[in-house]
Number of protein chains: 2
Amino acid sequence: MRNKIKVHIADDHKILIEGIIALIKTDNSLELDGFSLTGKELLDWVSKNEIDVLILDISMPIIDGIEVLKFLKRKNIPHKTILLSSYDDVQIVKKVLQLGALGYLSKSSASTHLLKAIKMVKNNEQYFSNDIQKDLLHLYGNSNSKKRNFKGLEIDLLEPLTEREIEVLKLIAKEYNSQEIAELLIISKHTVESHRKSILRKLNVKNSIGIAMFAVKHNMI
Amino acid sequence: MRNKIKVHIADDHKILIEGIIALIKTDNSLELDGFSLTGKELLDWVSKNEIDVLILDISMPIIDGIEVLKFLKRKNIPHKTILLSSYDDVQIVKKVLQLGALGYLSKSSASTHLLKAIKMVKNNEQYFSNDIQKDLLHLYGNSNSKKRNFKGLEIDLLEPLTEREIEVLKLIAKEYNSQEIAELLIISKHTVESHRKSILRKLNVKNSIGIAMFAVKHNMI
DNA sequence: CCTACAATCCCCATTTATAGGGATATTTTG
DNA sequence: CAAAATATCCCTATAAATGGGGATTGTAGG
């Protein structure tokens with residue numbers, strides 16, 4: 001192997017980053033090509049550097065992993081990305097697959113899985129945590145035609161929230177009720193309740209807990 | 001330095017564990033003395049082995065870092081522990097200090113901080129992330145007498161939840177309402193509502209969102 | 001200019017959660 | 001064993017959230 005695989009890491013947890021760097025050093029076929037602590041740093045990096053594989057934490061503050069993927073897609077920047085997540089959430093997996101990610105790994109996976117994932121993704125193969133594989137199969141059925149390429153399937157993306165809805169969502173997650181949110185945003189309680197309805201529908205959750213959980217998963221709080 | 005500092009790591013994220021192991025190997029004064037993926041594994045380990053410094057993830061499933069500290073305290077097992085956390089939550093810091101932890105580090109800290117923390121804690125010195133230091137000073141005022149030892153101060157601990165309350169809490173966080181929880185646990189809806197009341201009071205949160213957020217912060221879902 | 005959409009507001013009905021109160025049986029623990 | 005904690009159930013009442021419906025304004029894009 002003449003050329004090492006250039007790996008870039010984006011995660012707001014420095015300890016995890018430096019841990020992964022140490023792991024990469026243990027494998028002669030890999031080399032580090034920078035790291036980013038925020039989504040913004042990463043976007044700057046990818047526009048200036050050529051990397052082989054990107055390891056991307058899904059939950060970063062401000063610009064999260066999803067937003068990074070959207071940006072890369074919008075700009076038509078080719079990338080081979082492995083998402084790192086604390087949660088095994090099939091909905092999120094569906095979303096990142098649709099946005100062009102090639103791998104999805106839980107942080108609770110063994111590091112050998114990460115090394116394997118890097119090499120597979122480098123070769124344009126998809127890699128998922130075991131648990132996620134099961135969930136995906138369940139979701140998409142198990143006919144051979146469907147197993148081949150998850151990306152080609154119809155995937156129901158979430159309707160995007162408007163800015164106002166995001167404001168309301170954040171306040172909901174901070175334990176404010178509709179009346180309090182109304183006072184904070186200087187609007188009527190009825191309006192807040194309307195936004196609530198829209199958010200529930202768009203996120204496809206059944207109650208405020210679901211809204212708050214969404215906020216947590218996407219590091220919006 | 002004749003004897004290396006024996007470090008044990010407890011975290012449910014294998015990737016982080018293996019990362020920290022790699023870091024420890026870069027420092028000659030440190031050596032790994034096992035790791036645990038769950039609170040239970042850790043409790044088994046500490047009852048059989050002698051370690052110098054314990055690096056403990058606060059958010060592990062089932063038996064979390066807090067529970068581990070409580071156990072060690074109850075059994076009067078001496079330990080020098082650094083808590084690792086994703087959040088900089090002053091309330092949690094207060095709690096773990098009261099429970100006998102010596103260090104508290106955010107996962108977003110640099111790994112050099114972790115190495116420094118290990119050495120300080122080994123010498124019975126306290127170590128905190130910068131951000132936390134600020135918050136603690138603010139919390140406890142800045143008179144010299146108070147700065148010296150946080151552990152000696154009155155700290156309002158949260159009342160511990162009972163097992164049943166934890167069951168209910170988890171189901172609340174999974175978006176079930178009281179009626180559904182009643183059916184799942186085969187008890188009356190009234191009972192669920194009673195548990196709800198106790199949980200709200202004990203956690204000192206104002207609504208179910210607060211309950212769900214607590215569940216998230218402690219990785220109970 | 002017209003349309004679509006976002007943001008705002010309102011009504012009604014129903015369900016759920018919150019907040020008091022209290023009661024009783026079982027389990028844990030000192 | 002006795003005391004304390006836990007888990008269970010019930011009542012009443014109010015507050016809040018949910019799920020329909022509809023209506024108006026302003027504005028950005030085609």
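Order of the sequence lines fixes the chain letters, A, B, ..., with proteins taken first and strands second; residue numbering starts at 1 for each chain. These values consider heavy atoms only, across backbone and side chains, with no hydrogens, waters or symmetry-generated copies. Predicted model only: the values in this text are computed from it and were never measured.
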- Mark yes when over 12 heavy atoms from residues, nucleotides or ligands other than A:K40 sit less than 6.0 Å from its NZ; otherwise mark no. no
Exactly one candidate in A:I82, A:I9, A:I66, A:L69 meets side-chain contact (heavy atoms from CB on, under 4.5 Å) with A:L56; the answer is A:L69
B:R196 atom CZ is separated from D:dA7 atom C1', nearest whole Å, by 17 Å
note: A:I211, atom CD1; C:dA17, atom C1'; distance rounded to Å ~ 15 Å
Whole-Å distance, B:N177 CG to C:dT14 P, equals 18 Å
Tabulated below should be each protein N or O lying under 3.5 Å from an N or O of nucleotides 20-22 of chain D; please produce it.
from   : atom 1 : to     : atom 2 : distance (Å)
D:dG20 : O6     : A:K197 : NZ     : 2.6
D:dG21 : O6     : A:K197 : NZ     : 3.3

Q.
Looking at B:E180, is its backbone amide N or carbonyl O close enough to the side chain of B:E183 to form a donor-acceptor pair, meaning the two atoms are under 3.5 Å apart?
A. no
Task: Derivation and outcome, side-chain contact (heavy atoms from CB on, under 4.5 Å), residues A:H8 and A:N49 - done: CA-CA 10 Å; A:H8 186 94; A:N49 298 272; over 6 Å; no
Rounded to whole Å, CG of A:L200 lies from P of D:dT18 at a distance of 5 Å
Closer than 4.0 angstrom, basic N to acidic O: yes or no for A:E193 and A:R196? no
In whole angstroms, the gap separating P of C:dA17 from CD1 of B:I199 amounts to 12 Å
Taking only N/O atoms, report every protein-nucleotides 23-27 of chain D pair under 3.5 Å with atom names and distance.
none

Residues in residues 185-193 of chain B with a heavy atom under 4.0 Å of DNA chain D, by number, are B:I187, B:S188, B:H190, B:T191
